[in-house]
Amino acid sequence: MDDRLIVSSIEIKSRLWVGTGKYKDFDETACAIEASGADIVTVAVRRVNITDRKSPNLLDYIDPKKYKILPNTAGCYNVEDALRYARLGREAGVSDMVKLEVIGDERTLFPDVCGLLKATEILAKEGFIVLPYTSDDPIIAQRLVDAGAAAVMPLGAPIGSGLGIRNPYNIKIILELIKSVPIVVDAGVGTASDVAEAMELGCDAVLVNTAIAGAKDPIMMAGAMKHAVIAGRYAYKSGRIPKKLYATASSPIEGML
């Protein structure tokens, strides 16, 4: 079965993408990434020690030959900051890809979609492979594609909330509307069943951070997420049965005495 995931021209092996925040130390981060089976690992540019290579650096724990580093602009509340961090990541030789965040509100961490559209258009013109983190609004998702996004990353729920997929109907509409780039659920996942739900809806991948890093056993949870992505993808590809109000016998009734 040809089930490759392609973002821009980049082939990605795992449909589970992972973040690197909130772990107790870099060793635990590395072990969780290994257990997840992910090959896309997102790193906040502001956490990468670019100026002092002698100090501890998160990137020392992530083998660039094994993983694709996805720099992100986490913590940016305006277009100018997001552009600066994206360019810093590329200048440091981390990657041409960027998970673009322009946050609009400190309490909810919902994206500023107007700023996100503007930053996406600028960075795409500069040759970045832009993966914007956005709301679950289908219209904005389409606008981001039109602006040059290489994938769209709608939230399942607020970042770090663990509430799961709060509006699966909007996610389904986004999937129906946008066929030209991958759709990656980003934010809100709380446990493995949330990941499976996103994949069963037909999403191309899921990005998880807090649900793994904040678990009592992050390494075991990383493994659970790995299997949830596979199970959800298989369920989506095989096709679920229709939901019905009344029962249907599982065994044939012909030939009963």
Quick one: are [X] and [Y] in side-chain contact, heavy atoms under 4.5 Å?
| X | Y | answer |
| --- | --- | --- |
| Tyr77 | Leu109 | yes |
| Ile159 | Tyr133 | yes |
| Pro138 | Asn170 | yes |
| Val113 | Asp137 | no |
| Thr29 | Ile33 | yes |
| Leu131 | Val184 | no |

SB check Asp186 Lys99 (cutoff 4.0 Å) | yes
Less than 4.0 Å between a side-chain N and a carboxylate O, is that true for Lys125 and Glu121?
-> yes
Check for me, please, whether [X] and [Y] land in the same ILVMFWY cluster - side-chain distances under 4.5 Å, paths through other members count.
| X | Y | value |
| --- | --- | --- |
| Trp17 | Ile129 | yes |
| Ile40 | Val206 | no |
| Val195 | Tyr236 | no |
| Phe128 | Leu144 | yes |
| Leu116 | Val79 | yes |

Nearest heavy-atom neighbours spanning [X] and [Y]:
| X | Y | result |
| --- | --- | --- |
| Ala192 | Ala228 | O-CB, 3.3 Å |
| Ala157 | Arg166 | CB-CG, 3.5 Å |
| Pro71 | Val45 | CB-CG2, 3.7 Å |
| Gly188 | Ser161 | CA-OG, 4.0 Å |
| Ala32 | Pro218 | CB-O, 4.4 Å |
| Ala124 | Val130 | N-CG2, 3.7 Å |

Gap between atom [atom2] of [Y] and atom [atom1] of [X] - 0.5 Å precision:
| X | Y | atom1 | atom2 | answer |
| --- | --- | --- | --- | --- |
| Ile165 | Leu155 | CD1 | CG | 9.0 Å |
| Ser95 | Ile69 | OG | CD1 | 8.5 Å |
| Asp3 | Lys237 | CG | NZ | 4.5 Å |
| Arg15 | Met199 | CZ | CE | 5.5 Å |
| Arg84 | Cys76 | CZ | SG | 7.0 Å |
| Leu117 | Asp146 | CG | CG | 9.0 Å |

Backbone of [Y] reached by a side-chain donor or acceptor of [X] within 3.5 Å:
| X | Y | value |
| --- | --- | --- |
| Thr42 | Leu70 | yes |
| Asp204 | Ile183 | yes |
| Asp105 | Phe110 | no |
| Ser8 | Ile10 | no |
| Thr73 | Glu101 | yes |
| Arg90 | Asp96 | no |

Check step by step if side chain to side chain contact (heavy atoms under 4.5 Å, CB included) holds for Met221 and Thr191.
-> CA-CA 8 Å; Met221 182 59 86; Thr191 188; 4.0 Å; yes
Examine the side chains of Tyr67 and Glu34 and answer whether a donor and an acceptor come within less than 3.5 Å of each other.
-> yes
Quick one: side chain to side chain donor-acceptor pair (under 3.5 Å) partners of Ser193, sequence neighbours excluded?
-> none
Listed partners of Lys68 passing salt bridge (charged side-chain N to carboxylate O under 4.0 Å, His left out), at least two apart | Asp39
Side chain to side chain contact (heavy atoms under 4.5 Å, CB included) evaluation trace for Arg240 with Glu200 = CA-CA 9 Å; Arg240 65 156 296 140; Glu200 288 177 11; 5.8 Å; no
Intermediate values then yes/no, side chain to side chain contact (heavy atoms under 4.5 Å, CB included), Leu175 and Cys203 | CA-CA 7 Å; Leu175 289 164; Cys203 295; 4.1 Å; yes
Give the intermediate values and the outcome of side chain to side chain contact (heavy atoms under 4.5 Å, CB included) for residues Thr20 and Ile62.
-> CA-CA 10 Å; Thr20 51; Ile62 306 172; 4.1 Å; yes
Fellow cluster residues of Leu245, listed by chain then number, with links counted only when side-chain atoms sit under 4.5 Å apart = Tyr246
